[in-house]
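Single-structure report; data block below.
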Amino acid sequence: MVWSESVPRFWRERARKYRLVGGRCRKCNSIVYPHRSVCPHCGAENMEPIELPRRGKVVTFSVVRHPPRGFEGKEPFLVAVIELENGARVLSQLVDVHPEDVKEGMEVVAVFRRYREQAPNGIIEYGIKFRPLK
Amino acid sequence: MIFSTKVGISGYGAYVPVYRVRDSEIERIWGGEGAPVEEKSVPGLDEDSLTMAFEAAREALTMSGVNREDVGAVLVGSESPPYAVKPSATVISEALGVTPKVIAIDMEFACKAGTTALILASALVASKAIKCGLAIGTDNAQAKPGDELEYTAGAGAAAFLISELSSDSVAEIECAFSYVTDTPDFWRREGEKYPRHTYRFTGEPAYFHHVISAAKGLMEEVGLKPSDFDYVVFHQPNVRFPLRAAQQLGFSTERVKPGIVCDKIGNTYAASSLIGLVRVLDQAKPGQRILVVSFGSGAGSDAISLVTREGVGKRRSSLSTLLERKIYVDYGAYTKLKGLLG
């Protein structure tokens, strides 16, 4: 996901980041996250916002040891593709688990966490991440 | 104070981070013996009082089954908000999906703000100004490394969804009593990272005077005595203080022990007595009376009397799971999680 140090941008995106709001295509029924105006599957411009289920499973994951800007000092951390109960896939950080304990297929649940600070005196960005269900 | 309309808790929730550090590990670094608690909770790198408050509030809202649009107030009691200026209550309200028609405010009174939020939410519902209100106590307690406070400064949150009393309520909020004086036992100045405290002064003139005065004040005002209560929950800065307060007031140890959680998670400040209340509600049966007494430095106590109703036991919080879900860290990892490595 492209990152810019923009307060208005984070403000615009808050609902989808805070509440796991994805988009459902009224034409082909695909569900995507985050919500967007054009369906990435069929190209229709007929998407409606939909709040996604909070539980899912780890499809695949990666350990980030060289963090991008804004995530310094947080390494190592996990980024995973999560398949939610309705089949929608979400790219998210996976927290509260050691990298060596993560397994594909592991059941996970959404939590609300800090993403990053734009600067020590800047806005703190919050949003959804996932943690192991058990 | 007695509310003009009967109000009750229709949902409640708690949150405790997964990480723990043992007091023996802190003693290994800083020396000392006779640690006040066994271990304490430590927030993850991406957790703060706001994120913990959201988790507890979401559980309370879900348990209540209340519609989001009926939540008319989100009152967040904390002494560790992530911003000096910018409310946590708006972020929490937005994430819960209860904006924009909501009274949302951050409240501060050291460890007491959570119970005061509970009283105010109850008063707003009782006056019919709002249909339902969320009261939250949350803290990510800070302590200077090596300070006495470091052995207990924990992290956690508890939240209560208050609405008019119904057949489905978990508990009725029977009455409340507040007792405050200007007693400077603990403080943190604007811009300072860590609080200061006055050591033993925190005990008699601060904690015990206020806790006991508020508890006695409540019982005298409404004509109740210690034997009328099945459970009693006090603010828990350590294990010793609530046990001694119970003894001084004439409550047996069996009444106070079920609500003690600080031996496992430390002092969670504004959440401390409220997580204790969640612990009690999770084991109570209908028709039992509970006394909750908070203490906030500076100083004051809120005493609240509750009577459990038919809804208790039908739904339980995730607290027992959260208390068991643990990843132990050593002091090195703890300093990273607390952001002490820069």
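Just so we're on the same page: letters track the sequence lines, and every chain starts at 1.
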Sequence neighbours excluded, which residues qualify as salt bridge (Lys or Arg N to Asp or Glu O under 4.0 Å) partners of R28(B)?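 Result, salt bridge (Lys or Arg N to Asp or Glu O under 4.0 Å) vs R28(B): E25(B).
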For L323(B), look at atom CG and say whether over 12 heavy atoms of other residues, nucleotides or ligands are found less than 6.0 Å away.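 For L323(B), atom CG is crowded (more than 12 foreign heavy atoms under 6.0 Å).
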In this structure, are over 12 heavy atoms from other groups packed under 6.0 Å from K314(B) atom NZ?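 Counting neighbours around NZ of K314(B), more than 12 heavy atoms of other residues, nucleotides or ligands fall under 6.0 Å, so yes.
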Using distance alone, with no hydrogens and no angle check, list the donor-acceptor pairs under 3.5 Å between chain B and chain A.
from, atom 1, to, atom 2, distance (Å)
Y15(B), OH, R113(A), NH2, 3.1
D46(B), O, R114(A), N, 2.9
D46(B), OD1, R113(A), NH1, 3.1
D46(B), OD2, K129(A), NZ, 2.8
E47(B), OE2, R113(A), NH2, 3.3
D48(B), OD2, R114(A), NE, 2.6
D48(B), OD2, R114(A), NH2, 3.0
D48(B), OD2, Y126(A), OH, 2.6
E55(B), OE2, F112(A), N, 2.6
R68(B), NH1, E51(A), OE1, 3.3
R68(B), NH2, E51(A), OE2, 2.9
Y83(B), OH, I124(A), N, 2.6
E94(B), O, R19(A), NH1, 2.5
E94(B), OE1, R14(A), NE, 3.1
R325(B), NH1, D96(A), OD2, 3.4
K336(B), NZ, E75(A), O, 2.7

Indicate yes or no: at least one non-hydrogen side-chain atom of L45(B) is less than 4.5 angstrom from one of F71(A).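 No, too far: nothing below the 4.5 Å cut-off.
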Heavy-atom distance under 4.5 Å between the side chains of F112(A) and L50(B), does that happen here?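 Side-chain contact under 4.5 Å: yes.
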Contact part of V95(A) toward chain B, heavy-atom cut-off under 4.5 Å: side chain, backbone, both or neither?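 The answer is the side chain of V95(A).
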Please classify the contact between L341(B) and chain A as side chain, backbone, both or neither, with a heavy-atom cut-off of under 4.5 Å.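 Contact with chain A is absent: no heavy atom of L341(B) under 4.5 Å.
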